Amino acid sequence: MKKQKTSSTPSARPRVLVLHGPNLNLLGVREPQHYGSVTLADINLALARRAELAEVDLESFQSNHEGALIERIHAAKIQEVRYIIINPAAWTHTSVAVRDALAAVAIPFIEVHLSNVHAREAFRQHSYFSDLAVGVISGLGHQGYLLALEYLLNKLNTD
Ligand code: DQA
């Protein structure tokens, strides 16, 4: 019998995972003065199109549940995801658990924020992720995700 391809089978194409934390499902309507008017679906579509052109498998995942995001990070290790782009949203400033998950899988990641967190409230200026990240993009709106992807595509070509 022919062996079924499972989701844990390594893909011939390199894999990139995009993770979005809590409330980012509300992009487009949520505080547009900080986060703009582009929806999460638009962002994910733009990323998927760019990745497709580069023949890279890109999956996007959003959750309002910390445990769900952590489990998705664990699964990424089994799926041999090469790079992660993550906007941890409010968990940026609170979540040792999500930080530890990224440290545990040791998948290099870029931290993205739509708003410039350094120009906002003091509590947003500490991140549990930045010291582990390959790099941080903050304040460039939805373009930040595409710039992060562009960097990673270039890395994948030179790795
Ligand atoms: C955010 C900034 C965080 O401080 C905030 O909690 C978010 C979104 C951003 O993309 O600018 O939810 O990560």
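Computed from a prediction, not measured in an experiment: that's the story for all the values here. Start at 1 and go down the list; that is how both ligands and their atoms are numbered.
Nearest protein heavy-atom neighbour of atom 2 (C) of ligand 1: Val117 CG1, 3.7 Å. If you check which protein heavy atom lies closest to atom 8 (C) of ligand 1, you get Tyr35 CE2, 3.5 Å. At the shortest separation from atom 1 (C) of ligand 1 among protein heavy atoms lies His113 ND1, 3.7 Å. Closest protein heavy atom to atom 11 (O) of ligand 1: Ser115 OG, 2.6 Å.
Here Asn23 has no heavy atoms under 4.0 Å from ligand 1, in either its backbone or its side chain. With a 4.0 Å heavy-atom cut-off, ligand 1 is reached by no atom of Val112. Of all the heavy atoms of His34, none lies under 4.0 Å from any atom of ligand 1, so neither backbone nor side chain is involved. Contacts with ligand 1 closer than 4.0 Å are made by side-chain heavy atoms of Arg124 only, the backbone lying farther away.
A salt bridge links Arg13 to Glu52: one of the charged nitrogens lies within less than 4.0 Å of a carboxylate oxygen. Under a 4.0 Å N-O distance rule, the pair Arg124/Glu121 qualifies as a salt bridge.
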(request) Start with the C-alpha distance between Asp131 and Arg99, add both sets of side-chain angles, then the distance that settles salt bridge (charged side-chain N to carboxylate O under 4.0 Å, His left out), and finish with yes or no. (result) CA-CA 10 Å; Asp131 62 309; Arg99 173 200 168 91; 2.8 Å; yes
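For ligand 1, the atoms closer than 4.0 angstrom to any heavy atom of His93 are 3 (C), 4 (O). Within the listing of ligand 1, atoms 7 (C), 12 (O) sit less than 4.0 angstrom from a heavy atom of Arg30.
Between the side chain of Glu111 and the main chain of Ser130, a donor-acceptor pair closer than 3.5 Å is present.
Rounding to the nearest 0.5 angstrom, the gap separating the CG atom in Asn23 from the CZ atom in Arg30 is 4.5 Å. The CG atom of Leu40 lies 13.5 Å from the OH atom of Tyr35; values are rounded to the nearest 0.5 Å.
Backbone and side-chain nitrogen or oxygen atoms of Leu114 are examined, and one is located within less than 3.5 angstrom of a nitrogen or oxygen of ligand 1. Considering backbone and side-chain N/O of Pro22, none are found under 3.5 Å from N/O of ligand 1. Not one N or O of Arg120 is nearer than 3.5 Å to an N or O of ligand 1, by distance alone.
Side-chain atoms of Asn44 and Tyr145 include no donor-acceptor pair closer than 3.5 Å. If you check the side chains of Asn64 and Gln62, you find a donor sitting under 3.5 Å from an acceptor.
Within the 4.5 Å cutoff, the side chain of Arg72 has heavy atoms near those of the Leu19 side chain.
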